[in-house]
2 protein chains.
Amino acid sequence: MELEQAKNQFINLWGNFGSQWGINRSMAQVHAILMTSPNRLSTEEIMEKLQISRGNANTNVRELINWNLVYKENILGERREFFRAEKDMWEVAKRIVRERKRREIEPLIQHLNELKTVESDNLEEKQEFENTIESIDRLVNKLDSMSNALMKADEHAFFGKILNLFK
Amino acid sequence: MELEQAKNQFINLWGNFGSQWGINRSMAQVHAILMTSPNRLSTEEIMEKLQISRGNANTNVRELINWNLVYKENILGERREFFRAEKDMWEVAKRIVRERKRREIEPLIQHLNELKTVESDNLEEKQEFENTIESIDRLVNKLDSMSNALMKADEHAFFGKILNLFK
DNA sequence: AATTGTTTTCATTTTATTTTGAAAGTTTAG
DNA sequence: CTAAACTTTCAAAATAAAATGAAAACAATT
């Protein structure tokens with residue numbers, strides 16, 4: 001396949017994939033274009049290549065910077081800003097996990113805690129509700145340990161070996 | 001907190017959480033109401049409790065059944081259908097992972113494979129692109145092994161112990 | 001301190017997604 | 001067979017989310 005065509009397909013693919021996981025299409029596409037570009041790009045170039053507006057490009061680049069997936073990078077003697085994506089995908093994955101945990105899982109745990117004990121005359125319903133919340137809470141904590149383990153997996157080579165045992 | 005209030009908060013919480021992860025709000029809410037109900041519910045009751053239309057209730061119950069998170073369950077002598085949610089949250093998590101893998105990750109792997117080799121005169125860009133795709137491919141496969149391992153984690157008690165080492 | 005190049009903001013518009021509800025379809029039972 | 005009970009479908013409406021672009025803000029340069 002021709003490179004330009006492949007890039008377009010990839011931008012498309014990554015955009016769709018993102019939106020299935022609650023990341024907006026443009027943000028994923030900006031990420032895609034930066035990931036596949038050998039050099040840093042200006043806002044102008046991003047707008048151009050993705051055919052999106054200045055506001056859209058700006059917002060999503062900044063959002064990617066918040067997620068720590070993209071860096072601002074100056075070019076000597078150039079006034080405008082250039083952007084470069086983190087290219088180590090394992091690093092990217094870790095940062096996404098870290099960020100979604102912070103933004104979504106931790107608040108979820110907070111809220112679940114508040115729902116752990118309720119008052120009611122209907123003992124059966126009360127029990128059922130508390131069981132459900134308790135069960136979700138255990139799950140969330142389990143997933144939390146797992147993700148912590150995984151985030152450290154690459155520091156501990158033997159973890160990778162263990163994973164393969166379960167294949 | 002009073003039970004009814006807590007249930008409402010939970011429905012809300014679960015609905016929001018779902019939509020951050022690409023599951024639509026009503027579907028997550030139907031799931032929530034079924035998870036916290038001690039008895040199976042009819043479409044009518046779901047409509048009533050969530051204040052949603054018949055079409056909406058029907059569509060999302062069926063979708064949950066497709067995801068294998070909800071069962072149709074008859075009551076003797078009752079003509080209409082009743083629904084019950086899987087209550088073991090670890091089971092729920094496994095089914096969601098399995099389903100999203102099947103629906104989203106496997107097609108992604110397919111597409112990435114098609115992008116693995118490209119033709120271009122611009123060797124630097126070609127290289128950069130191939131590296132990125134390769135890197136994503138490795139990541140996706142790594143995550144795939146991990147999720148396979150995790151899905152079996154509960155069958156292998158010692159895996160859980162290992163996870164804790166990384167805490 | 002005025003000009004120019006650049007970034008950011010945000011009210012409005014556009015697009016995408018979700019929900020509705022009436023109609024069509026299906027099943028059950030007399 | 002057919003009426004009643006119930007489920008499914010889907011075009012249209014409502015809502016939510018994302019994108020636009022012009023104007024404001026900012027920063028560097030003269």
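In what follows, chains carry the letters A, B, and so on, assigned in the order in which the sequence lines appear, proteins first and then strands, with residues in each chain numbered from 1.
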Atom [atom1] of [X] to atom [atom2] of [N]: distance rounded to whole Å?
X       : N      : atom1 : atom2 : answer
B:Glu81 : D:dA5  : CD    : C1'   : 12 Å
A:Asn60 : D:dA19 : CG    : C1'   : 9 Å
B:Arg25 : D:dA16 : CZ    : C1'   : 9 Å
A:Arg62 : C:dT9  : CZ    : C1'   : 8 Å
A:Arg54 : C:dG5  : CZ    : C1'   : 10 Å
A:Asn24 : D:dT20 : CG    : P     : 11 Å
B:Ile23 : C:dT19 : CD1   : P     : 13 Å
A:Ile52 : C:dT14 : CD1   : P     : 18 Å

Margin query: Is there a side-chain contact between A:Glu73 and A:Glu81 in this structure, where contact means two heavy atoms from C-beta onward sitting under 4.5 Å apart?
Written below: no
Item checked: B:Phe83 and B:Thr43, any side-chain heavy atoms less than 4.5 Å apart -> yes
Check: Taking the six-membered ring of B:Trp21 as reference, does the NZ or CZ atom of A:Arg100 fall below 6.0 Å from its centre and within a 45° cone about the axis?
Finding: yes
Under 3.5 Å, N/O pairs linking protein and nucleotides 27-29 of chain D:
{"residue": "D:dA27", "atom": "N3", "partner": "A:Arg79", "partner atom": "NH2", "Å": "3.2"}

Margin query: Closest-nucleotide mapping onto DNA chain C: is A:Lys72 or A:Ser19 further toward the 5' terminus? I mean the 5' end.
Written below: A:Lys72
Check: Are B:Lys101 and B:Asn148 close enough that a side-chain donor and a side-chain acceptor fall under 3.5 Å?
Finding: yes
Note to self: Hydrogens and angles aside, do A:Arg54 and A:Asn58 bring a side-chain donor and acceptor to less than 3.5 Å of each other?
What the structure shows: no
Has [X] got a side-chain atom pairing as donor or acceptor with [Y]'s backbone, closer than 3.5 angstrom?
X        : Y        : answer
B:Ser135 : B:Asn131 : no
A:Ser37  : A:Ile33  : no
B:Asn141 : B:Asp137 : yes
B:Glu130 : B:Gln127 : no

Checklist line | Phosphate OP1/OP2 of C:dT7: any A:Asn58 side-chain N/O under 4.0 Å | finding: no
Note to self: From the set D:dT7, C:dT19, C:dT6, return the single nucleotide nearest to any side-chain atom of A:Arg80.
What the structure shows: C:dT6
Next item on the list: Kindly state which residues belonging to residues 26-49 of chain A come within less than 4.0 angstrom of DNA chain C, counting heavy atoms of the residue only, listed by number.
Entry: none
Margin query: With nearest nucleotide decided by heavy atoms, which residue, A:Asn56 or B:Gly55, maps closer to the 5′ end of DNA chain D?
Written below: B:Gly55
